[in-house]
Amino acid sequence: MNRQTEVETYDLKSFGKKPDMLFRLRSDDEPARVLSTQDGLFVECKPVDARHPAGGDYCDAGLIRFVAGAYAWAMQDALMVGYVRDQRTIQKHLCAAIETRPELCVIEAAASLPDAGAAAGPETEALYVSIHRRPFPWIGDKGPACPIEVYHSWLQAN
């Protein structure tokens, strides 16, 4: 696991984007499938509370990075972690925030995963996933980028 590793954007024009965490999915002696900097689980973490509503930093400065190709542009999955400091929930607060933002290119709105409630507890909600179209092309004229599934995990940070 790496914290705030610098990676490049989908068009390779901007270097220095720093997801909060990056879990590498291959060892250094395995061949890279796309770019070694893009082969991993990218995680972006944001606070969620009265001062930081779900539609603020979480969507507008976090989730949008996966949709726009700043992070995880070569991957099909990513993870958003919300640190909740009050009683906000994904169902009540995040779902509405995602659905009202056309720039998030929603294909499927955030929904809880089947059986995800079994993993929920007093400190965490059930895992949700949303699917987003990405409005950029792959490098090297490889066609449009595939959609990305973003998993949402909200943890109580009281």
Side-chain angles (χ1 to χ4, degrees), residues 1-12 14-28 30 32-49 51-86 88-91 93-95 97-98 101 103-136 145-158:
M1 196 261 316
N2 300 325
R3 291 199 68 233
Q4 297 186 333
T5 300
E6 292 186 349
V7 296
E8 57 270 313
T9 57
Y10 76 92
D11 56 7
L12 306 180
S14 179
F15 186 79
K17 300 296 182 185
K18 295 180 180 181
D20 290 318
M21 291 181 267
L22 175 57
F23 295 88
R24 297 287 181 197
L25 301 178
R26 65 173 192 83
S27 67
D28 289 335
E30 289 181 76
R33 289 173 285 229
V34 179
L35 289 175
S36 60
T37 60
Q38 294 298 312
D39 196 10
L41 174 60
F42 289 74
V43 183
E44 184 68 6
C45 306
K46 296 293 181 193
V48 180
D49 57 24
R51 285 188 19 221
H52 305 92
D57 284 352
Y58 190 92
C59 286
D60 298 341
L63 181 55
I64 191 66
R65 292 176 179 163
F66 295 118
V67 176
Y71 300 160
W73 58 264
M75 304 305 292
Q76 297 175 338
D77 302 285
L79 176 62
M80 286 287 306
V81 175
Y83 296 106
V84 182
R85 296 188 184 120
D86 55 22
R88 292 170 193 267
T89 66
I90 293 174
Q91 171 123 30
H93 297 92
L94 178 61
C95 292
I98 288 176
R101 287 174 163 67
E103 64 274 15
L104 293 179
C105 305
V106 176
I107 295 172
E108 289 186 29
S112 64
L113 293 174
D115 299 324
E123 303 294 319
T124 184
E125 273 192 78
L127 194 63
Y128 275 62
V129 64
S130 58
I131 303 174
H132 306 265
R133 180 181 54 80
R134 295 189 283 182
F136 59 86
C146 69
I148 189 164
E149 291 188 18
V150 180
Y151 294 84
H152 304 273
S153 178
W154 281 20
L155 312 170
Q156 289 297 320
N158 296 330

Inspect the contact between Arg51 and Asp49 and indicate whether a charged nitrogen and a carboxylate oxygen are less than 4.0 angstrom apart.
->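 A salt bridge is absent here (no side-chain N lies under 4.0 Å from a carboxylate O).
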Would you please classify the geometry between the Tyr71 ring and the Phe42 ring as parallel, tilted or perpendicular, with 30° and 60° separating the classes?
->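 Taking Tyr71 first and then Phe42, their aromatic rings lie parallel (interplane angle under 30°).
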Less than 4.5 Å apart, any side-chain heavy atom of [X] and any of [Y]?
X: Leu63; Y: Arg101; result: no
X: His152; Y: Ile98; result: yes
X: Val67; Y: Pro135; result: yes
X: Glu103; Y: Ile64; result: yes

Which heavy-atom pair separates [X] from [Y] by the least distance, and what is that distance?
X: Tyr128; Y: Ala110; answer: CD2-C, 3.9 Å
X: Gly55; Y: Asp60; answer: O-OD2, 2.7 Å
X: Ala54; Y: Val48; answer: N-CG1, 4.2 Å
X: Gln76; Y: Cys146; answer: CG-SG, 3.7 Å
X: Glu125; Y: Arg88; answer: OE2-O, 4.1 Å
X: Ala72; Y: Ile148; answer: O-CD1, 4.0 Å

As an exercise, state the distance from [atom1] of [X] to [atom2] of [Y], rounded to the nearest 0.5 Å.
X: Gln156; Y: Arg85; atom1: CD; atom2: CZ; result: 11.5 Å
X: Glu149; Y: Leu79; atom1: CD; atom2: CG; result: 12.5 Å
X: Met80; Y: Tyr58; atom1: CE; atom2: OH; result: 4.5 Å
X: Met75; Y: Phe66; atom1: CE; atom2: CZ; result: 11.0 Å
X: Glu44; Y: Asp57; atom1: CD; atom2: CG; result: 9.5 Å
X: Ile131; Y: Asp77; atom1: CD1; atom2: CG; result: 9.5 Å

